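This is a predicted model, so every value here is computed, not measured. Residues: numbered from 1 along the sequence shown.
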Amino acid sequence: MSSPKPTVVKCPQCKQEVVWNEQSPYRPFCSKKCQMIDFGEWADEEKAIAGAPDMSDSDGWTEDYNS
């Protein structure tokens, strides 16, 4: 009986194939370099997850509960 085929994913940064197991410490990235490039993009706000729009005073939102 053959062993199960390992899960393989593409590195989000360079698209190199990465085996998803304990021997791949930076998974889903192929290397520390790709991991740090991705982290830098998030830190510089080049990447973002879409969310609800900001609630600002121009939207009529207020913290004044007496109105």
Side-chain angles (χ1 to χ4, degrees):
M1 188 168 230
S2 64
S3 60
K5 188 175 179 183
T7 301
V8 177
V9 298
K10 291 196 184 249
C11 173
Q13 198 63 40
C14 71
K15 309 303 183 218
Q16 178 178 326
E17 290 189 344
V18 179
V19 177
W20 190 282
N21 63 21
E22 300 80 32
Q23 281 71 44
S24 302
Y26 303 109
R27 62 188 181 272
F29 302 99
C30 66
S31 65
K32 183 74 172 175
K33 178 182 176 182
C34 281
Q35 184 184 52
M36 295 308 293
I37 291 170
D38 186 77
F39 178 73
E41 290 172 349
W42 284 97
D44 289 341
E45 297 183 0
E46 294 172 24
K47 293 184 178 181
I49 297 174
D54 279 343
M55 297 283 291
S56 67
D57 290 337
S58 64
D59 297 329
W61 182 82
T62 180
E63 290 183 2
D64 183 9
Y65 299 110
N66 298 325
S67 45

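Considering SG of Cys34 and NZ of Lys15, their distance stands at 9.5 Å, rounded to 0.5 Å. Put simply, CD on Gln16 and NZ on Lys10 are 10.0 Å apart, with the number rounded to the nearest 0.5 Å. Here the SG-CZ distance, from Cys14 to Phe29, works out to 10.0 Å after rounding to the nearest 0.5 Å.
Annotation for Ile37: hydrophobic cluster partners, listed by chain and number, are none (ILVMFWY side-chain heavy atoms under 4.5 Å, direct or chained).
When atom types are taken as modelled, the side chain of Asn21 and the backbone of Gln23 share a donor-acceptor pair closer than 3.5 angstrom.
In this structure Lys47 satisfies the salt bridge (Lys or Arg N to Asp or Glu O under 4.0 Å) test together with Asp38, Glu41, sequence neighbours excluded. Judged as a side-chain contact (heavy atoms from CB on, under 4.5 Å), and not counting sequence neighbours, the contacts of Lys32 are Tyr26, Gln35, Met36.
Glu46 CD: more than 12 foreign heavy atoms inside a 6.0 Å radius.
Closest approach of Pro28 and Trp20 over heavy atoms only: CB-CZ3, 3.5 Å. The heavy-atom pair separating Cys30 from Cys11 by the smallest distance is N-SG, 3.6 Å.
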